[in-house]
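Note sheet for the following structure.
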Amino acid sequence: MDKTYNPQIYEDEIYQKWEKSGFFNPDNLPCGIRNATIQQGLLCEKNAPTYTIIFPPPNITAKLHIGHASVISIEDLMIRYHRMKGYRTLWLPGTDHAAIATQNVVEKKIFKEQGLTRHDLGKEKLLKEVWKFLKQTQATILHQTRKMGASLDWSREAFTFDDQRKKAVSQMFVDMYEAGVIYKGERIVNWCPRCHSTLADDEVEYKEQKAILYFFKYNKDFPFTIATTRPETKLGDTAVAVNLKDERYKKYIGKIYEIDFCGVSLKLKIIADREVDMNFGAGALGVTPAHSMIDWKMAEENDLEIKKVINEDGNIHQGFEKYSGKTAQEARKMIVKILKEQNLLEKEEEISNNLSICYRCGTVIEPLPSKQWFVAVDKKIKKLENKSLKEKAIEVVKKGEIKFIPERFEKRYLDWMENLHDWCISRQIWFGHEIPVWYKKTQKQKEIYVGVEAPEGDNWIQDPDTLDTWFSSGMWIFSTLGWPDTFQNGKKIGDLARFHPTQMLETCYEILTLWVSRMIMMSLFAVGEIPFEKVYLQGTILDKNGKKMSKSKGNGIDPIDIIEKFGADAVRLSMLMGSTPGNDSRMSEEKIAGYRNFVNKLWNISRYITHNVERITHNVKLNFEQNLSYKLTLADKWILNKFNVLIGDVTNDLEKYNFSQAGEKLREFTWNDFADWYLEVSKFEKNKEKNEILIYILENLLKLWHPFIPFITETIWSEMGNKQFLMIEKWPFYAKATESKPSYNFELIKEIIIAIRNARSENKIEPNKKIKAIICAGKYFDLVEENKELIKNLKTNINELETQKHKNTKTQKQKNQEFKSPLDKEPVPSLSREGLGDFKQENQLKHDNKMIRVVVDDDIEIYLIGAKDEEKEQMRINKRIIELEKLILNLEKKLSNKEFIKKAPANIVEKEKEKLKLCQVELKNLNPSSFGFSENNFKKMSK
RNA sequence: GGGCAAUUAGCUCAGUUGGUUAGAGCGUCUCGGUGACAUCGAGAAGGUCAAAGGUUCAAAUCCUUUAUUGCCCACCA
């Protein structure tokens, strides 16, 4: 074992061993839940309960980023914890083909490398390129995931676009079609002219920008003004909407105008609609049903004609005279020009508005009517007890079948679901799941065939569109468990029966609506039950400055880089610590380095123990009832007690998803209690039981740490000579009810030791200088007497220790006045540094030239004898004098300020005066000569 | 416009149903080559818990208002 832990030597090897062992696969696990109330531990059950997480499949668009590393850290923590608890634990890996995103990435790549567009290339060649690309990234992703130490069951690995999942998607489509949930209809969709595809509502992003609001009349005959930012779409207006309450326009409602608008004839009906804001623009809006969601709704309600103005390329559609074929921008210029010429344009106003853009490529979205496939979310479905997908998905959450962590996301989910519209699932891109729909070629009346397999015969042509990538991701939980093959005649079999519903979905809150909501709906439809019981939503990992990491900013951290630099354990720990569910957290190399240091500390703790302790061959089984037969020292009892409490706390925190807190408690115990105190004690306190205790605590500590930092714990575990993997060891259990008195007593000894160290440091006693101490211990006399060795040896550098009974019933003030030192010398009163503001009683130092007095509490006082070094003391005093002089100057200034005296509350002024007095007294104390008094004079004065 | 969150030490954050003296890590300062560890050890300094009011024996914690910041949703033709 090297002095410092080098992760690179061990990590890959350990991972290979784990993978080879087969224990990532729940089928191979020795299971059985340990019942905490039964001390004997294992309750073996053949059918142990399962614990399942389906890994959120990363997009194969790029290698993993730090966010994925965080997902892996949290999920592997939960998985390893439950595996050790004895659950039949499954963590199922996979990747997402991310249809539109992947195609975009590949298209961009090809354009950059070869200057070709997808149309130049053709569908077949493009798909070939896509596959080439995705094989590469997929391999990278899987490599990275292993590097993180993820204990995923690779034998069940899935891909949203592999054969099994293709089958599932087709089956789902067919089932939904047959249930009438999927339909084809013409509706306004978000159209990206660059991707040449529809987008779902939540795939649209908004960008604020300046736009010009044009106020104009259609022509001279039209009675009033309307306002628009997009004059070119006005060619498709079929109505003008006003607010019902608007007195200005009331009289026009219901009238129909046939007019000529810039060379195109329009038939406009004046309608009333509540949505119209009387105060915005002209208070009247031209209704363009084909290019606005709201207008589309109005058109449906008022039975208006729908005129498509802009086509799929973003150009003006046919049938609009000279405008046809022009781009929207060109048409806008033409129309504005004509309006100006005809004096119809009343004014132009600059406003800021939100432009909708494609979340993938940033192109401006064109809303336009198109015939697409939809999932009806409001349609009542027989097999869902005559409820709609939406209603059912809301119900299961409201009933508490699915719980969100943190809870506040439940509200966000419900708000989203309640406002959900039909989901457009067809996309006009090439890479993605094909729609299992065929049309008969020859017939004019299109015959349609919907089925998992292609229909027989040559005269069928398949729907050219592909499915929204979320359609296949929405099925991820059950498609990975073998649906539809594992779902026969309404009954779950195989993996689906064993693992569905899963226990946990863990993902970033950003895709709560995009993904989580869809999984719930689709699972309810396909399997008739919820897909998961809990949804843990984690925050975003931000950079050092709280900014989102992104490629363009170059502030991203590559998980592989930092794993190589600090080790996977340190990376995992920095993901887990200091982050709480649903909250964003910051990441920096400094933070990771800190945890690297901790990992190294753990390494050295075990190095010390394994080097100094002979391996005990018999199984170490310590518990508190058996303790009675051991001869345990105070420190032993203290650490065992603390460790027992720790087991309880950590288990509890993990159950409550307080991962950071659990880790913090572990760190605190490991470093501050175990290493800094108990190990130090063990260096001189040698009893038979010490070795057993050291091994017992180390081994169980490794178990507790294992879900957080699997590599180093497994490494140490095997270095200790254990044959079985730590990964499948049983989680330690908390033994109830222990005596807390030993703990308190040890804490008291600790306090004494700290007080002595503190006094040494404060008084600049040379570290090597051995001193004598007298402890007046009051009612703790016996305790102190028994633990003299601890006090002497724990970095107090005391060579001689005397314990005295010393009854202390009087107040500090009285003690100060009446105090007789054990050396029968009058101590010179002086103030400690703390003495300035308030008389801090604890640790108040009293000293004369030879002795330091330390007050620990009402019962314990310590005298350090022979502690002073004259020269050092003088330096310290000089420094203090300068400090005091500055303070006094400032205080005098403050007190001579009339404003302060007037305005400040009386008690504050008094306090400041008191402070000044104290300073002056202390200064005189330290340096009587500066006031022109001889020492003798000063002594008289101070009386 | 609607909603959600955050505001605690120089920085990053804990603080679980209200309860001793508000904690940790990093950073800063002082000291220390001691046989596990300098990726270390011993110690110190540093806080009006964003502001104001209220409830309570008791508030960082609960309520109200305000301010600042971040995010989400909707959206203006």
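Below, chains carry the letters A, B, ... as their sequence lines are ordered, and counting in each starts from 1. Please read all numbers here as calculations on a predicted model, not as lab measurements.
Contact check, A/Lys683 against B/U34: no side-chain N or O comes under 4.0 Å of OP1 or OP2. In this model, the phosphate group of B/U39 is not approached by any side-chain N or O of A/Arg596 to a distance below 4.0 Å at OP1 or OP2. OP1 and OP2 of B/A24 both lie 4.0 Å or more from every side-chain N or O belonging to A/Trp671. Side-chain N/O atoms of A/Arg230 include none lying less than 4.0 angstrom from OP1 or OP2 on B/A77. Taking only side-chain nitrogens and oxygens, A/Asn597 comes nearer than 4.0 Å to OP1 or OP2 of B/C40. Phosphate contact (OP1/OP2 of B/A5, side-chain N/O of A/Lys411, threshold under 4.0 Å): absent.
Closest to the side chain of A/Asn758, out of B/C37, B/G43, B/G32, is B/G43. Listed candidates were B/U16, B/A42, B/C40. Nearest to the side chain of A/Asp676 is B/A42. Listed candidates were B/A77, B/A42, B/A36. Nearest to the side chain of A/Asn612 is B/A36. Closest to the A/Leu213 side chain, of the nucleotides B/G25, B/A77, B/G43, is B/A77. The side chain of A/Gln661 lies closest to B/G15 when the candidates are B/A77, B/U39, B/G15. Distances were taken from every side-chain heavy atom of A/Lys234 (C-beta onward) to each of B/A77, B/A36, B/A42; the shortest belongs to B/A77. Candidate nucleotides B/A77, B/G3, B/C31 were compared by shortest atom distance to the side chain of A/Pro767, and B/C31 ranks first. The listed nucleotides are B/U39, B/G3, B/A36; the one nearest the side chain of A/Arg607 is B/A36.
When ring centroids are compared, A/Phe261 and A/Phe222 stay outside the 6.0 Å threshold. Aromatic pair A/Tyr509/A/Phe404: ring centres not closer than 6.0 Å. Note: A/Tyr10 and A/Trp603 meet the aromatic proximity criterion, with ring centroids under 6.0 Å apart.
Contact annotation for A/Ile294: backbone-only contact, meaning every heavy-atom pair under 4.0 Å involves sugar-phosphate atoms and none involves a base. A/Arg667 comes within 4.0 angstrom of sugar-phosphate atoms only, judged by non-hydrogen atoms across all strands, and of no base. At the heavy-atom level, A/Ile754 lies under 4.0 Å from the strands shown only through sugar-phosphate atoms. At the heavy-atom level, A/Glu668 lies nowhere under 4.0 Å from the strands shown. Within 4.0 Å of A/Ala675, counting heavy atoms only, lies at least one base atom of the nucleic acid. If you check every strand for non-hydrogen atoms under 4.0 Å, A/Lys795 touches sugar and phosphate atoms only.
Here the separation of B/A60 from B/A14, taken at their C1' atoms, is 12 Å to the nearest Å. On the P atoms, B/A42 is 15 Å away from B/G33, given to the nearest whole Å. B/G19 and B/C62 have their P atoms separated by 10 Å, given to the nearest Å. Straight-line distance between the P atoms of B/G10 and B/A45: roughly 15 Å, to the nearest whole Å. For B/C29 and B/C73, the C1' atoms lie 50 Å apart once the distance is rounded to whole Å. The separation of B/A51 from B/U61, taken at their P atoms, amounts to 10 Å, rounded to a whole angstrom. Spacing of P atoms, B/C49 relative to B/A59, comes out at 12 Å, to the nearest Å. Across the C1' atoms, B/G46 and B/A9 are found 6 Å apart, a figure rounded to whole Å.
The two residues A/Gly286 and A/Asp295 make their nearest non-hydrogen contact at O-OD2, 3.6 Å. A pairwise comparison of heavy atoms in A/Ile310 and A/Glu366 identifies CD1-OE2, 3.5 Å as the closest pair.
Atom-to-atom, CZ of A/Arg408 to P of B/C4 comes out at 11 Å; the value is rounded to the nearest Å. A/Lys548 has its NZ atom 11 Å from the C1' atom of B/G70, to the nearest Å. Atom P of nucleotide B/A24 and atom CG of A/Asp673 are separated by 13 Å, given to the nearest angstrom. Taking atom CD of A/Glu510 as the reference point, atom C1' of B/G70 lies 13 Å away to the nearest angstrom. The CD-P distance, from A/Glu410 to B/G3, rounds to 18 Å in whole Å. Per the geometry, OH belonging to A/Tyr249 stands 17 Å off P belonging to B/A77, to the nearest Å. The interatomic distance linking A/Gln8 (CD) with B/U39 (P) rounds to 17 Å, in whole Å. Atom P of nucleotide B/U7 and atom CZ of A/Arg586 are separated by 12 Å, given to the nearest angstrom.
Remark: B/G19 base-pairs with B/C57; criterion is Watson-Crick or G-U wobble with both hydrogen-bond distances under 3.5 Å. Across all strands shown, nothing is found opposite B/A14 as a Watson-Crick or G-U wobble partner with both distances under 3.5 Å. Using N1 to N3 plus N6-O4 or O6-N4 for Watson-Crick, or N1-O2 and O6-N3 for G-U wobble, each under 3.5 Å, B/C40 pairs with B/G32. Shown here, B/A50 forms a base pair with B/U66; the pair counts as Watson-Crick or G-U wobble because both key distances fall under 3.5 Å. Look at B/A9: it lacks any Watson-Crick or wobble partner with both distances under 3.5 angstrom. The partner of B/G1 is B/C73, by the rule that a Watson-Crick or G-U pair needs both atom distances under 3.5 Å.
Between A/Asn600 and A/Thr580, the residue whose closest nucleotide on RNA chain B is further toward the 5' end is A/Thr580. The nearest heavy atom of RNA chain B to A/Glu590 and to A/Gly283 marks one nucleotide each, and the one closer to the 5' end goes with A/Glu590.
For A/Glu407, the CD atom is loosely surrounded, since the number of other residues' heavy atoms within 6.0 Å does not exceed 12.
With hydrogens and angles ignored, no donor-acceptor pair closer than 3.5 Å exists between the side chain of A/Lys3 and the base of B/C37.
If you run ring-ring contact (aromatic ring centres under 6.0 Å, His included) between A/Trp705 and each of A/Phe598, A/Trp717, A/Phe669, A/Phe711, only A/Phe598 comes through.
Side-chain atoms of A/Ser70 and A/Gln538 include a donor-acceptor pair closer than 3.5 Å.
Residues A/Glu668 and A/Lys665 are not paired through a salt bridge, judged by the lack of any N-O separation under 4.0 Å between the basic side chain and the carboxylate.
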